[in-house]
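Here the structure comes first, spelled out in structure tokens, and everything after it is commentary.
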Amino acid sequence: MHMPTDLAERVSPALAQVARRVLEDPGRDADATLAMAQQAVSGGLLERMVRAGDLDAHESDAVAAELDDLVAAFGADIALVHLLRYRAREPLSTVIQHLLARDDDPETPVTLRDVRAAIDGGLLAELVGEGVIDPDDDDAVAGQLDDLVRAHGEEALAEELTAAEDETP
């Protein structure tokens, strides 16, 4: 079964929010899948989200149907992380933007692997030294990069994962 690489772009914001809820469940002891999301929905997750104000009541049926459609199309074992598009937060977006600005080979796009190599090569330290990035933020960059690599892989295009100023990851 073929899963489109842009699945996260096809998922409604409401379903993405449900997927995040399931992924963030501290009681979860296995990788979260579409089947787990269906179980959570059957167990009242949507109703709890509506009561908490995290989901509009009129979206519940549509979210459940969207989830069912994904299971029918791709299978119940698809990892929920594929429904989300994790993006770099500041300061990692700043590091990526500076790396992109310095890139002198437009034929070869910058990947997350390239970002890691640039950071290991001193780019982050340079940006901290120049005052572009707060020294208190430099420790968070490695963790953010690791999260993006886990979600998208080392070959993911870095430019596609930078967040606009008004976006939240």
Side-chain angles (χ1 to χ4, degrees), residues 3-34 36-37 40 45 48-49 52-56 59 63 70 74 77-169:
M3 183 183 69
T5 56
D6 64 346
L7 186 60
E9 302 298 331
R10 298 178 182 196
V11 173
S12 71
L15 181 55
Q17 197 169 7
V18 168
R20 275 194 182 85
R21 249 330 150 82
V22 174
L23 285 164
E24 293 170 354
D25 180 2
R28 182 174 50 87
D29 59 354
D31 290 337
T33 62
L34 291 175
M36 291 179 77
L45 176 61
R48 290 190 300 277
M49 290 178 69
D54 296 330
L55 184 69
D56 290 331
E59 292 180 299
V63 169
L70 287 173
F74 303 110
D77 293 331
I78 296 296
L80 283 182
V81 71
H82 293 298
L83 303 185
L84 304 175
R85 186 88 172 159
Y86 291 104
R87 297 195 182 275
R89 297 183 304 265
E90 294 296 330
L92 182 55
S93 282
T94 300
V95 171
I96 292 170
Q97 291 300 331
H98 279 267
L99 181 59
L100 291 169
R102 295 175 182 192
D103 185 30
D104 56 358
D105 183 7
E107 297 297 316
T108 307
V110 175
T111 65
L112 293 180
R113 175 179 286 141
D114 299 325
V115 174
R116 185 176 311 280
I119 289 171
D120 292 345
L123 178 59
L124 179 61
E126 179 184 326
L127 295 174
V128 168
E130 292 174 0
V132 174
I133 293 178
D134 188 309
D136 293 337
D137 291 335
D138 69 347
D139 288 338
V141 171
Q144 288 178 32
L145 182 56
D146 289 342
D147 290 345
L148 287 175
V149 168
R150 271 192 297 279
H152 301 292
E154 286 188 325
E155 297 306 315
L157 300 181
E159 184 171 25
E160 292 179 359
L161 299 174
T162 58
E165 288 183 25
D166 60 342
E167 269 187 289
T168 57

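Just so it is clear, the values below take in all heavy atoms, side chains as well, and ignore hydrogens, waters and symmetry mates.
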Does a side-chain heavy-atom distance below 4.5 Å link [X] with [Y]?
X	Y	answer
Arg116	Asp146	yes
Leu92	Leu161	no
Leu123	Arg102	yes

Inspect the surroundings of CG in Asp31 and state if more than 12 heavy atoms from other residues, nucleotides or ligands are less than 6.0 Å away.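 No - once you tally the heavy atoms of other residues, nucleotides and ligands closer than 6.0 Å, there are 12 at most.
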Can you tell me if Glu126 has over 12 outside heavy atoms packed within less than 6.0 Å of its CD?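 Atom CD in Glu126 is crowded, with more than 12 foreign heavy atoms closer than 6.0 Å.
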Smallest separation among heavy atoms of [X] and [Y], with atom names:
X	Y	value
Ala88	Ser93	O-OG, 3.0 Å
Arg48	Ala40	NH2-O, 4.4 Å
Pro91	Gln144	CD-NE2, 3.8 Å

Please name all residues satisfying side chain to side chain contact (heavy atoms under 4.5 Å, CB included) with Arg21, sequence neighbours left out, ordered by chain then number.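 Counting only residues at least two positions away or on another chain, Arg21 forms a side chain to side chain contact (heavy atoms under 4.5 Å, CB included) with Leu45, Met49, Asp54.
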Name the one of Leu127, Ile119, Val115, Thr94 that satisfies side-chain contact (heavy atoms from CB on, under 4.5 Å) with Leu99?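 In the set Leu127, Ile119, Val115, Thr94, the residue that makes a side-chain contact (heavy atoms from CB on, under 4.5 Å) with Leu99 is Val115.
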Roughly how far, to the nearest 0.5 Å, is the [atom2] atom of [Y] from the [atom1] atom of [X]?
X	Y	atom1	atom2	result
Arg20	Leu15	CZ	CG	10.5 Å
Thr162	Gln97	OG1	CD	4.5 Å
Leu34	Leu80	CG	CG	5.5 Å
His98	Ile96	NE2	CD1	11.5 Å
Ile78	Leu70	CD1	CG	9.5 Å

What pairs with Thr33 under side-chain hydrogen bond (donor to acceptor under 3.5 Å, both in side chains), at least two apart in sequence or on another chain?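 Here no residue qualifies.
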With sequence neighbours left out, what residues match Glu154 under salt bridge (Lys or Arg N to Asp or Glu O under 4.0 Å)?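 Glu154: salt bridge (Lys or Arg N to Asp or Glu O under 4.0 Å) contacts with Arg113.
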Between Asp25 (side chain) and Val22 (backbone), is there a donor-acceptor pair under 3.5 Å?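 Pair absent, no side-chain N/O of Asp25 close to backbone of Val22.
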